[in-house]
Participant: 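The structure that follows is given in the form of structure tokens.
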Amino acid sequence: LRSLAPGAIGRMNAALRDAFDRVVPTRLDLNAADPTAPATPEAPRQGFTDAEQAERIAGFLTNLGLTRDFAPLVVIMGHGSNSTNNPHMAAYDCGACSGRHSGPNARLFCAMANRPEVRALLAERGIKVPEATHFLGGEHNTADDLITWYDTEDLPVSLAPTFAQIDRDLAQAAQAHAQERCRRLYSAPLSIGKA
């Protein structure tokens, strides 16, 4: 059925997922319980100190060249892929993240970047992130172009229209991308994707 009617099977699977899957609310436990205890191989410390968080955020933002003129909503997008019945699935994921999805990294980055304690330490380094700026993490699935957003419940109400527009724009871009890929297949009708 996946070969003969992939669209119908995809819609059926999505409907079943929507009917049975439930969203499980989660919270990141990213802060070190005892920031004074050193992290060693023998006694690893769970979480990051404020200074470690600021160091990671500053390094990433500096490498991006994003150290001023912040937009009200900054999206950090990880990526991953999925596959059905493919023993080499990890080959479709990023080598930089050891064949793993990087959406959780984007989520963690944004959670750290949104903390006032981290922003205060960033300001000491010359990176002044406005209080109104919010970082939002997501993951782009490079196989089906779906986007998973993280922690949208923490998004300020004032940024809801901006987020809705970004979500619409990315969905439209994903549709155009799928059409572009499909039109390269010899058997695909030339009018695919036109409504």
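Throughout, residue positions are numbered sequentially from 1 according to the sequence presented.
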Participant: Once rounded to the nearest 0.5 Å, what's the spacing between atom CE of Met77 and atom CG of Leu136?
Facilitator: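 Between Met77 CE and Leu136 CG, I get 8.0 Å after rounding to 0.5 Å.
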
Participant: Does Gln46 CD have over 12 foreign heavy atoms under 6.0 Å away?
Facilitator: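 At most 12 heavy atoms, drawn from other residues, nucleotides or ligands, come within 6.0 Å of this atom.
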
Participant: Using only atom types and a distance under 3.5 Å, with no angle test, would you say the side chain of Thr142 pairs donor to acceptor with the backbone of Gly80?
Facilitator: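 The answer is yes, because a donor-acceptor pair under 3.5 Å joins these two groups.
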
Participant: Of all heavy-atom pairs between Gly78 and Ala106, which one has the smallest distance, and what is that distance?
Facilitator: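 Closest approach of Gly78 to Ala106, heavy atoms only: N-CB, 3.8 Å.
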
Participant: Atom CG in Leu122, atom CD in Gln53: separation rounded to 0.5 Å?
Facilitator: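 Output value for this atom pair is 10.0 Å.
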
Participant: Look at the side-chain heavy atoms of Ile, Leu, Val, Met, Phe, Trp and Tyr, link any pair under 4.5 Å apart, and say whether Val129 and Phe109 land in one connected group.
Facilitator: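 Shared cluster, yes.
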
Participant: Distance check, rounded to the nearest 0.5 Å: Thr49 atom OG1 versus Leu30 atom CG?
Facilitator: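 One gets 11.0 Å once the value is rounded to the nearest 0.5 Å.
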
Participant: Mind checking what makes ring-ring contact (aromatic ring centres under 6.0 Å, His included) contact with Phe70, not counting sequence neighbours?
Facilitator: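 Partners of Phe70 by the ring-ring contact (aromatic ring centres under 6.0 Å, His included) criterion come out as none, since no residue qualifies.
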
Participant: Got a donor-acceptor contact below 3.5 angstrom from the Asn114 side chain to the His134 backbone?
Facilitator: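 No, the answer is negative, given that no donor and acceptor are paired below the 3.5 Å cut-off.
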
Participant: With rounding to the nearest 0.5 angstrom, report the CD1 to CG distance, Ile127 to Leu66.
Facilitator: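 One gets 8.5 Å once the value is rounded to the nearest 0.5 Å.
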
Participant: Determine whether a donor-acceptor pair (N or O, by modelled atom type, separation under 3.5 Å) exists between the side chain of Asp167 and the backbone of Phe163.
Facilitator: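 Absent.
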
Participant: Between Arg56 (side chain) and Glu52 (backbone), is there a donor-acceptor pair under 3.5 Å?
Facilitator: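 Flag set: sc Arg56 to bb Glu52 pair under 3.5 Å.
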
Participant: With the 4.5 Å side-chain cut-off for hydrophobic clustering, are Leu73 and Ile147 part of the same group?
Facilitator: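 Yes, same cluster.
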
Participant: Hey, could you give me the CG/CG distance between Leu170 and Leu146, rounded to the nearest 0.5 Å?
Facilitator: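 Result: 12.0 Å between the selected atoms.
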
Participant: Just wondering, do Asn31 and Glu117 contact through their side chains at under 4.5 Å, heavy atoms?
Facilitator: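 No - every pair of side-chain heavy atoms lies 4.5 Å or more apart.
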
Participant: So which heavy atom on Glu139 is nearest to which on Pro104, and how close?
Facilitator: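 Answer, listing the atom of Glu139 first, then Pro104: OE1-CD, 3.7 Å.
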
Participant: Strictly distance-based, threshold 3.5 Å: is any side-chain N or O of Arg119 a donor or acceptor partner for the main-chain N or O of Pro130?
Facilitator: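 Side chain of Arg119 to backbone of Pro130: a pair is present.
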
Participant: Determine, using the 4.5 Å side-chain heavy-atom cutoff (strictly less than), whether Leu28 and Phe60 are members of one ILVMFWY cluster.
Facilitator: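 Yes, because Leu28 and Phe60 connect within a single hydrophobic cluster, where side-chain heavy atoms sit under 4.5 Å apart.
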
Participant: Step by step, work out the side chain to side chain donor-acceptor pair (under 3.5 Å) result for Gln175 and Asp145.
Facilitator: CA-CA 8 Å; Gln175 186 178 20; Asp145 280 330; over 6 Å; no

Participant: Do you reckon Phe135 sits in the same ILVMFWY cluster as Ile57, going by side-chain contacts under 4.5 Å, direct or chained?
Facilitator: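 Yes, same cluster.
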
Participant: Can you sort out the partners of Leu121 under side chain to side chain contact (heavy atoms under 4.5 Å, CB included), two or more places apart, ordered by chain and number?
Facilitator: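 For Leu121 the side chain to side chain contact (heavy atoms under 4.5 Å, CB included) partners, ignoring immediate neighbours, are Asp50, Ala54, Glu124.
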
Participant: For the CD atom on Glu153, are there more than 12 heavy atoms of other groups (residues, nucleotides or ligands in this structure) within a distance under 6.0 Å?
Facilitator: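 It does: Glu153 CD has more than 12 such atoms within range.
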
Participant: Do any N or O atoms from the side chain of Arg107 and from the backbone of Asp151 form a donor-acceptor pair under 3.5 angstrom?
Facilitator: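 Judged by distance alone, no pair lies under 3.5 Å.
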
Participant: Would Leu61 and Val74 show up in the same hydrophobic cluster when neighbours are defined by side-chain heavy atoms closer than 4.5 Å?
Facilitator: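 Yes.
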
Participant: For Val75 and Trp149, run side chain to side chain contact (heavy atoms under 4.5 Å, CB included): C-alpha distance rounded to whole Å, both residues' side-chain angles, the deciding distance at 0.1 Å, then the answer.
Facilitator: CA-CA 10 Å; Val75 172; Trp149 295 104; 3.7 Å; yes

Participant: To the nearest 0.5 Å, how far apart are CG in Asp154 and CG in Leu159?
Facilitator: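 Separation between the atoms: 12.0 Å.
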
